[in-house]
Amino acid sequence: MWWVWIGLFLSYAPAVAQETAPTVATSAPDIRVEIRGAFQPRLSYGFTSGTSDDIERLGLGIRRARLRATTTVGSRLGVHYDVDIGSGTLTSIDLFGFYSPSPHWLLRVGYLAGAQPRAATFTSMTQIDAVDRAAIAERWARRTIGSSGRDFGVEARFQTATTRFHLFLHNGDGSFSRTRGNFRESVSGGDATRGIDRNGLAVSTYLGYMPSALAGLEVGAFAGYNGSENPNTAAAEGAGGRAYSTYAAHVYWGANPGSQPVRLKADLLGIHYEAPNGSSGDAQHLIGYSMTGAVRLLNNGEAFARYEGLHPFADEGADTYLTAGLSYSLSARRGEAYHRERVTLAYANAYPDSAEPARQHLVVLQFQFVF
């Protein structure tokens with residue numbers, strides 16, 4: 001079955017690349033609309049081991065299917081909207097306005113991926129090393145601002161060829177719910193607060209540096225504080241949310257797949273939850289680390305491996321994750337970008353540090369088309 005899917009990809013990919021990019025006509029000469037997208041179908045085999053009732057599942061699915069529309073008015077002002085249709089319904093991913101007062105500064109306001117750990121959404125879905133982002137980054141998002149990694153806020157960004165700086169003031173709760181993250185009430189409704197008593201906001205900052213003298217090297221750090229006490233931060237189901245401080249650091253030598261013959265990446269992140277209501281029982285410090293290595297194969301392919309550990313409490317054992325596999329790029333074979341047309345075969349497992357003996361395993365054959 002694997003060779004059938006690979007054959008279909010090899011025959012279809014060149015045809016995709018030859019298609020002409022769509023153009024959008026507007027009524028005003030200074031308005032430009034750019035439409036981009038990415039599609040990631042996959043064949044997966046998952047199984048649970050270590051229990052008396054092991055479970056297996058084989059099937060096809062769509063991991064991500066994105067459409068991005070950016071409308072620019074003149075050269076400085078615009079609106080960006082990013083949606084995912086991989087679940088069969090339209091889900092908003094990014095929705096923000098932006099203004100560029102100078103070539104290096106960009107202001108954004110709305111629902112967006114602001115300052116956060118580099119391994120999270122700052123690693124684009126089309127530049128993921130395997131088939132999913134690092135597990136520690138996904139766990140970080142689910143336990144802070146939400147799994148999407150986005151939040152309502154305003155951000156100032158400074159970027160040059162070697163430096164990237166973000167300062168993000170945000171609600172701290174990435175939910176679109178009007179009782180959580182999306183505060184949009186009016187007095188005509190009879191309740192200007194919708195009955196929600198919350199004063200805490202969040203502030204996050206990110207700094208990245210890519211020295212021009214050392215091609216491929218990237219170092220960076222992230223720090224933030226979130227006082228919203230949103231439900232993602234609860235110590236247990238039904239418990240109250242907690243304020244927290246968070247941090248991260250990374251060192252990359254070759255951030256993107258296919259970018260150089262040998263790539264090495266290291267990530268560290270942490271969350272320190274405050275005890276709610278002055279108690280001490282729910283104070284918690286989470287620490288995660290990830291190490292990735294990749295080696296070029298056959299000029300247009302790559303072998304990769306990633307090892308991760310996540311300590312839910314700093315003084316206890318760690319959940320571990322291991323991912324390994326191969327990727328190959330049809331677009332790179334034609335001299336184009338590696339991520340444009342890519343096929344990836346990956347194996348991943350999860351070993352929780354608990355009394356539960358279950359172990360999670362997943363084998364994925366994933367295709368990627370970027371347009």
Side-chain angles (χ1 to χ4, degrees), residues 104-108 112-124 127-129 133-151 153-172 174 201-228 232-233 243-256 259-260 263-274 284-294 306-312 314 318 321:
H104 298 305
W105 283 98
L106 181 68
L107 303 178
R108 303 193 296 171
L112 55 98
Q116 58 187 270
R118 176 67 167 84
T121 57
F122 279 3
T123 297
S124 166
Q127 300 289 3
I128 293 173
D129 296 296
R133 293 185 179 91
I136 62 168
E138 294 183 342
R139 294 273 300 267
W140 175 89
R142 288 199 296 268
R143 301 183 68 160
T144 55
I145 59 175
S147 59
S148 71
R150 273 81 172 173
D151 197 9
V154 57
E155 181 190 62
R157 185 176 76 185
F158 175 81
Q159 186 165 354
T160 68
T162 60
T163 305
R164 181 177 180 182
F165 172 75
H166 295 245
L167 181 61
F168 189 34
L169 177 66
H170 50 118
N171 284 351
L201 289 177
V203 61
S204 303
T205 184
Y206 171 89
L207 177 63
Y209 179 61
M210 297 155 285
S212 56
L214 296 172
L217 179 64
E218 177 184 334
V219 297
F222 156 81
Y225 179 80
N226 190 337
S228 71
N232 301 320
T233 65
Y244 66 85
S245 55
T246 179
Y247 59 89
H250 72 276
V251 179
Y252 291 175
W253 187 47
N256 297 328
S259 60
Q260 58 189 52
R263 301 190 301 115
L264 299 172
K265 302 171 66 173
D267 288 278
L268 173 71
L269 59 80
I271 309 170
H272 178 74
Y273 296 102
E274 298 178 4
Q284 184 180 8
H285 194 167
L286 177 149
I287 296 177
Y289 54 86
S290 174
M291 295 170 287
T292 303
R306 182 171 65 212
Y307 177 81
E308 302 177 73
L310 184 72
H311 297 257
Y321 303 87

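FYI, the numbering just counts along the sequence from 1. Just so we're clear, the structure is a prediction, and the values are computed from it rather than from any experiment.
D267 places no side-chain N or O within 3.5 Å of a backbone atom of S290 that could act as its donor or acceptor partner. K265 places a side-chain N or O within donor-acceptor distance of the main-chain N or O of A255, the cut-off being under 3.5 Å. Checked by atom type and distance alone, the side chain of R133 pairs as donor or acceptor with a backbone atom of T123 at under 3.5 Å. A donor-acceptor pair under 3.5 Å is absent between the side-chain atoms of H166 and the main chain of T205, judged by distance alone.
Y252 contributes atom OH, which lies 5.5 Å from atom CZ of R118 (distance to the nearest 0.5 angstrom). Distance check: I136 CD1 to H311 NE2 gives 10.5 Å after rounding to the nearest 0.5 Å. Expressed to the nearest 0.5 Å, how far CG of N226 lies from OG1 of T246 amounts to 9.5 Å. Here T163 contributes atom OG1 and M210 contributes atom CE; the two are 7.0 Å apart, rounded to the nearest 0.5 Å. The distance from the CG atom of L169 to the CG atom of D151 is 10.0 Å, given to the nearest 0.5 Å. For the atom pair I145 CD1 and N171 CG, the distance stands at 11.0 Å (nearest 0.5 Å).
Shown here for S204 and H170, the closest heavy-atom pair between the two residues is OG-NE2, 2.9 Å. Smallest separation of non-hydrogen atoms from R142 and S147: CG-CB, 3.8 Å. Nearest heavy-atom pair across T144 and T233 is O-CG2, 4.2 Å.
Using a 4.5 Å cut-off on side-chain heavy atoms (C-beta onward), W140 and Q116 make contact. Side-chain contact between L217 and Y209 is absent, with no heavy-atom pair separated by less than 4.5 Å. Looking at E218 and H250, their side chains come closer than 4.5 Å, going by heavy atoms from C-beta outward. Using a 4.5 Å heavy-atom threshold, the side chains of L264 and V251 count as separate. Proximity of W253 to L214: side-chain heavy atoms (C-beta onward) are nowhere separated by under 4.5 Å. Counting heavy atoms from C-beta on, the side chains of I287 and Y247 come closer than 4.5 Å.
There is a side-chain donor-acceptor pair under 3.5 Å between Y225 and E274.
With respect to E155 and R108, a salt bridge is recorded, a charged nitrogen being found less than 4.0 Å from a carboxylate O.
Y321 pairs with exactly one of R139, R306, E138, E308 by the side-chain hydrogen bond (donor to acceptor under 3.5 Å, both in side chains) rule, that one being R139. With R263 as the partner, the side-chain hydrogen bond (donor to acceptor under 3.5 Å, both in side chains) test is satisfied by one option alone out of T292, D129, N256: D129.
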- Intermediate values then yes/no, side chain to side chain contact (heavy atoms under 4.5 Å, CB included), R150 and T121: CA-CA 9 Å; R150 273 81 172 173; T121 57; 3.4 Å; yes

- Message: Walk me through whether R143 and Y273 qualify under side chain to side chain contact (heavy atoms under 4.5 Å, CB included).
- Response: CA-CA 10 Å; R143 301 183 68 160; Y273 296 102; 3.1 Å; yes

- Item | Intermediate values then yes/no, side chain to side chain contact (heavy atoms under 4.5 Å, CB included), F168 and L112 | CA-CA 10 Å; F168 189 34; L112 55 98; 3.6 Å; yes

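Ring centroids of Y206 and F122 are separated by less than 6.0 Å, placing the two rings close together.
Between H285 and H272, the ring planes lie perpendicular to each other; the angle is over 60°, past the 30° to 60° tilted range.
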